[in-house]
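Here the structure comes first, spelled out in structure tokens, and everything after it is commentary.
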Amino acid sequence: MIALVFLTIVIRLFYLTVINHKNFSKQEIFSLNENKKRVNIVDRNNIIIATDIKTKTLYLNKKLLDNEQFVAKSLSEILKLDYKSFYSKITNENIKSNYILVKKHVMPDEENKIKQLPIAAIVFEDDLLRFYPHNNLFSHVVGYTDIDENGIIGIEEYYDNYLKDINNNPLKLTLDIKIQEAVRDELLVAYEKYKVNFIVGIVMDIKTGNVLAMVTLPDFNPNNLNDIKNTFNHATYGNYELGSVFKIFTFANALEEKLINLNSTFNVSNDFIYKDFIIKDSPGIKNRQKITTKEAFALSSNVATIQIAQKIGIDRQLKFFENIGLLERINTDIKQTVLPLQPRRWKEINLMTISYGYGLAVSPLHVISAANAIVNDGELITPRFSYNFEFQKKSQVISKETSDLMKKLFKITVEKGTAKLANVNGFNVGGKTGTARKISKNEYKQGEYVSSFLGVFPVEDPKFSIFVVADRPHNANKNLYVTGANIAEIVKNIILKTILFTDFKSIGY
């Protein structure tokens, strides 16, 4: 009996390896060698952000498959597969292929365990896996690839064809890993401290339009394809009414049209009433009779801003917003950008509310891009995330004279106004705070705000801008909402942390 069993095995092996060997030809069965290695993505300092690593794809040869229960149990435990569905798959007689795909991208430790199993049907084939060595750090900007290495969202999607051509050089981004880390670290602290719904941080090189860092929290780990969530990029794809940061554009418009100067005065002793709408200032402003343009901007007066908007008028306001890109989608090298939400027809009430940040919803990237132009001697530059971006545009939206006046207003706001917490000795930070009520079901909610701060430095000739936006931030101890004045402190911390880890001279500081 032993001899008979042995003879049967020998005959079976002879049949499989000699007579029927053509059925197991790799060239005939597999096409995995056609996999193309995807081009690396690197930051501005050539640090790898995305690369390919070698893995294995596991198949089972149906002709050699035996003892399916043992096979299903053993592989399910190692690969963390569902036993019932996997067993059903390998015992399905309707599968015509001789090879059953078990799992793509088997890791080395899993491979070693599987190779020790007494399963003759196991077949491994070389494979490639897209790997992101910094996990969550660049998730929303870089994006990720699917199991077949097709780009999904972000840079991976926009430059998909470029990255699939192995003959191309590594794709070099404008992002700086050290600045990105500094931004994310501070946002993580604020995310927990203020219990926000989401928080965004963007750092840009004002002179070039280069995005040096962009972080949205919550984020995700692109290495874990089985648990990809939180992919919505609030920095580029979300529209929000952002409140008083819009006063940047109202004041710049009026100064450009010479409707006001820095010493113009405004009566702010009473609330502004328009039909059924009552627009208020903070108590510290309302107790004063008159304030100047400088004070109105630094203390963020809604009443004074409305008076300025009335001088501008609807036509000039609409044209100005068009010129600085706040009414159109941003054409940059990330496809996840959004068309702003504006009134179908601008009425007088829209003129007034938009002047201080209500009634026009835009993305944070819209605001920082437009604000950069205001302090960049009036030159608007399309933001970009890679040096390969071919469609960057430049246009003059205000005069250098107006830009210089706005820089003074930015500086006063940090020195004496609502953004004192952003002050960094020796760095001459300027900026503007914003605190806007959240709208829900056509009603602005009490105690729910989008709070933000846009900072630039050095303010006399700004080279870098930082914009942080927090959705529904609250002080956990007092259960009070957090304003743009508090967000200014986050920007200060980002600047300080960036100073410690970044050589600003290498990027023009």
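For the numbers below, each heavy atom of this structure counts, side chains included, while hydrogens, waters and symmetry mates do not. Along the sequence shown, the residues carry numbers beginning at 1.
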Interatomic distance, [X] atom [atom1] to [Y] atom [atom2] [nearest 0.5 angstrom]:
X      : Y      : atom1 : atom2 : answer
His140 : Gln336 : NE2   : CD    : 10.0 Å
Gln317 : Lys311 : CD    : NZ    : 15.0 Å
Ser355 : Phe249 : OG    : CZ    : 12.5 Å
Asn239 : Gln342 : CG    : CD    : 10.5 Å

Salt bridge check: are [X] and [Y] linked by an N-O gap of less than 4.0 Å?
X      : Y      : answer
Asp160 : Arg38  : yes
Glu448 : Arg437 : no
Asp271 : Lys280 : yes

- [ ] For the pair Thr174 (side chain) and Arg384 (backbone), establish whether a donor and an acceptor sit closer than 3.5 Å, ignoring hydrogens and angles.
- [x] yes
Tell me the closest heavy-atom pair linking [X] and [Y], and the distance in Å.
X      : Y      : answer
Thr337 : Thr332 : CG2-CG2, 3.9 Å
Ile354 : Phe246 : O-CD2, 3.7 Å
Leu326 : His366 : CD2-O, 3.7 Å
Tyr144 : Pro222 : CB-CB, 3.7 Å
Val183 : Ala213 : CG2-CB, 4.0 Å
Gly359 : Glu241 : N-OE2, 2.7 Å

Open item on the list: Taking the six-membered ring of Phe453 as reference, does the cationic atom of Lys432 (NZ for Lys, CZ for Arg) lie under 6.0 Å from its centre and within 45° of its axis?
Closed with: no
- [ ] Applying side-chain contact (heavy atoms from CB on, under 4.5 Å) between His234 and each of Ile199, Thr216, Asp471, report the one that passes.
- [x] Thr216
- [ ] Sort out for me which residue in Ile179, Ile48, Ile49 forms a side-chain contact (heavy atoms from CB on, under 4.5 Å) with Asp43.
- [x] Ile49
TODO: Given side chain to side chain donor-acceptor pair (under 3.5 Å), test Asn486 with Thr483 step by step and report yes or no.
DONE: CA-CA 6 Å; Asn486 301 98; Thr483 68; 3.3 Å; yes
Other residues, nucleotides, ligands: >12 heavy atoms within 6.0 Å of [X] [atom1]:
X      : atom1 : answer
Lys408 : NZ    : no
Tyr237 : OH    : no
Phe277 : CZ    : no
Asp227 : CG    : yes

Using only heavy-atom distances, determine whether the side chains of [X] and [Y] contain a donor-acceptor pair under 3.5 Å.
X      : Y      : result
Arg316 : Asn253 : no
Asn230 : Asp219 : no
Tyr194 : Asn475 : no
Thr145 : Glu156 : no
Ser301 : Glu295 : no
Ser300 : Lys247 : yes
Asp176 : Asn45  : yes
Thr418 : Thr433 : yes
Asn372 : Ser369 : no
Asn40  : Thr51  : yes

Task: Ring center gap for Phe198 and Tyr240 short of 6.0 angstrom - done: yes
- [ ] Assess the pair Phe272 and Tyr274: is the distance between their ring centroids shorter than 6.0 Å?
- [x] no
- [ ] Would you please name every residue forming a side-chain contact (heavy atoms from CB on, under 4.5 Å) with Gln396, sequence neighbours left out?
- [x] Glu379
